[in-house]
Amino acid sequence: MRVERGMLRYLLLDALRHGPKHGYEMIKWLEEQTHGRYAPSPGTVYPTLQLMEDQGLILAERTEEKSVYRLSESGEKELETQTDFIQGFWERNGQPIPPPALQLESEFVYEDLQDLQRTVERGVNLAQDQQRLQLLRQSLERCKNEIRGVLTGGTLPQPGQPGGRPQHGPRSTGRELEQAIAQLFASEDEVLRQTTERARERGIPSIQVSPLQGKLLQVLAKACQARKILEIGALAGYSGIWLARALPADGRLVTLEIDEMHASVVRESFRLAQVDDRAEVRVGPALETLPGLEVEAPFDLIFIDADKEPYPQYLAWAIRLARPGSIIVADNCVMGGDGLGSVQESPSQFLTGARSYNQRASSDPALCSIALPISSGMTVSVVMAPAV
């Protein structure tokens, strides 16, 4: 998604209207609120924050680790001048992205309506008497009222009523199905719930994997009999707990995290989950840490859930650090279908990373891959043995 030049400042001010944040939190807040459509790069966010601080629009409280920003009175007044822009931005981008299946169904509905319009036009031209035209008008009124009722929150015709179709029991939405499956197969214990609570208390964005995704990671680790697991992007340790619990007593999880504050929360999470004997955090940019892991390779399962732009580079390293039969999983790869499009048509660096990752995962002969639409979507790959 592209934002008009100079408008990023107002989105950052809007993010601060909901409470003090540091730069990384603002980026993640915008990413969450737009459901992945917009995630500005640190290279644009931090200079903008410095400029706004110089102009007195925000106030910064600096510690040894980070700067926390909050709105000043001038910033609040400045934000009020852009009410129309802010409101329009969230009207366009504040709703979940419709999945491709829903978009396709919408196109079918539109085509059906156009076909109905053509049929009515032909019928009106052929009708020569007042009575037939009156019946046509009455039918159209009934049709309009039914459609209006559906679009404004009414219900579809029930079986036995005109237009009704027989059904074999209630249907659930994708989200409802995920919740039902998670309740049956992936219920959280108190340690996992406390991990997410502790993350919120420390100001860490609530963008960890879902319980269903956590259980899937655990199942995949068991399936490949993982003894060594690598995680790129720890956040607060939630996914790491699911993975570490899949390891045998002498297994090892190495999780990489760029933020020292996050890493301290992860260590605490591992300790409370009693997996700290087999799980460790290494702090630093992943692309700088990964080369040093070659002496510890191969890893049996590699989970990627970090900044999205370098996803293709993470995949290249994952293949290098794996063995035939290793499983590589990447989160946030489907994004309602946006992660499956063309790299050339990508509207943001966030989506470019996901799309490039999926293109290689789907075409590289060294991998056998599939994308799963769970939450924001995961791409799962198995590393293949080299062709003889």
* When you check the side-chain N and O atoms of Thr379 and Asn358, is any donor under 3.5 Å from an acceptor? -> yes

* Structure fact -> Heavy-atom nearest pair, Leu340 first then Arg355, reads N-CG, 4.4 Å

* Student check: side-chain heavy atoms of Lys21 and Val68 closer than 4.5 Å -> no

* How long is the gap from CD1 on Ile58 to CD on Glu76, to the nearest 0.5 Å? -> 13.0 Å

* Asked: Taking only residues at least two apart or on different chains, which pairs with a member in residues 220-230 satisfy side-chain hydrogen bond (donor to acceptor under 3.5 Å, both in side chains)?
  -> Arg227-Asp250

* To do: Assess the side chains of Gln87 and Glu91: does a donor N or O sit below 3.5 Å from an acceptor N or O?
  => yes

* To do: First locate atom OG of Ser376, then atom CG of Asp305, and finally report the distance between them rounded to the nearest 0.5 Å.
  => 8.0 Å

* Under 4.5 Å between any side-chain heavy atoms of Leu13 and Met52, yes or no? -> yes

* Asked: Does the pair Arg267/Glu280 count as a salt bridge with the N-to-O cut at 4.0 Å?
  -> no

* Asked: Under a 4.5 Å cut-off applied to non-hydrogen side-chain atoms, are Pro324 and Pro386 in contact?
  -> yes

* **Closest non-hydrogen atom pair between Arg360 and Ala316, with its separation** => NH1-CB, 3.7 Å

* Asked: With a 4.5 Å limit on heavy-atom distance, are the side chains of Leu216 and Met378 in contact?
  -> yes

* For the residue pair Glu231 and Gly240, what are the closest heavy atoms and their distance? -> OE2-N, 3.6 Å

* Side-chain donor-acceptor pair under 3.5 Å between Ser210 and Ser375, yes or no? -> yes

* Within 45 degrees of the axis of the six-membered ring of Trp242 and under 6.0 Å from its centre: does Lys215 put its NZ or CZ there? -> no

* Structure fact -> In this structure, CD of Gln194 is separated from CD of Glu188 (nearest 0.5 Å) by 11.5 Å

* Could you check if a side-chain atom of Gln33 sits within less than 4.5 angstrom of a side-chain atom of Tyr38, using non-hydrogen atoms only? => no

* Ion pair Glu31/Lys28, N-O distance below 4.0 Å -> yes

* For Arg9 and Gln55, test the side chains for any donor-to-acceptor distance below 3.5 angstrom and give the result as yes or no. => yes

* To do: Drop me the distance from Cys224's SG to Ile327's CD1, to the nearest 0.5 angstrom.
  => 4.0 Å

* Ion pair Arg282/Glu288, N-O distance below 4.0 Å -> no

* Is any side-chain heavy atom of His18 less than 4.5 Å from a side-chain heavy atom of Met26? -> no

* **Pair Arg198, Ser269: side-chain N/O donor-acceptor within cut-off below 3.5 Å** => yes

* State, with a plain yes or no, whether a side-chain heavy atom of Thr196 is found less than 4.5 Å away from one of Gln208. => yes

* Short side-chain donor-acceptor distance under 3.5 Å, Glu25 and Tyr69 -> no

* Structure fact -> Nearest heavy-atom contact between Gly237 and Val266 is N-CG2, 3.6 Å

* To do: Taking all heavy atoms of Leu12 and all of Leu49, pick out the closest pair and write down the distance.
  => CD1-CD2, 4.1 Å

* **Ile27 to Pro40 - nearest heavy-atom pair and separation** => CG2-O, 3.4 Å

* Asked: Taking C-beta and beyond as the side chain, do Asp14 and Phe89 meet within less than 4.5 Å on heavy atoms?
  -> no

* Asked: What orientation do Tyr24 and His22 show, parallel under 30°, tilted 30 to 60°, or perpendicular over 60°?
  -> parallel

* Asked: In terms of side-chain heavy atoms, does Asn93 have a donor or acceptor partner in Thr34 at a distance below 3.5 Å?
  -> no

* Under a single-linkage rule joining Ile, Leu, Val, Met, Phe, Trp and Tyr whose side-chain heavy atoms are separated by less than 4.5 Å, which residues share a cluster with Val383? -> Leu230, Ile232, Val254, Leu256, Leu287, Leu290, Leu293, Phe299, Ile302, Ile304, Tyr311, Tyr314, Leu315, Trp317, Ile319, Leu321, Ile328, Tyr357, Leu367

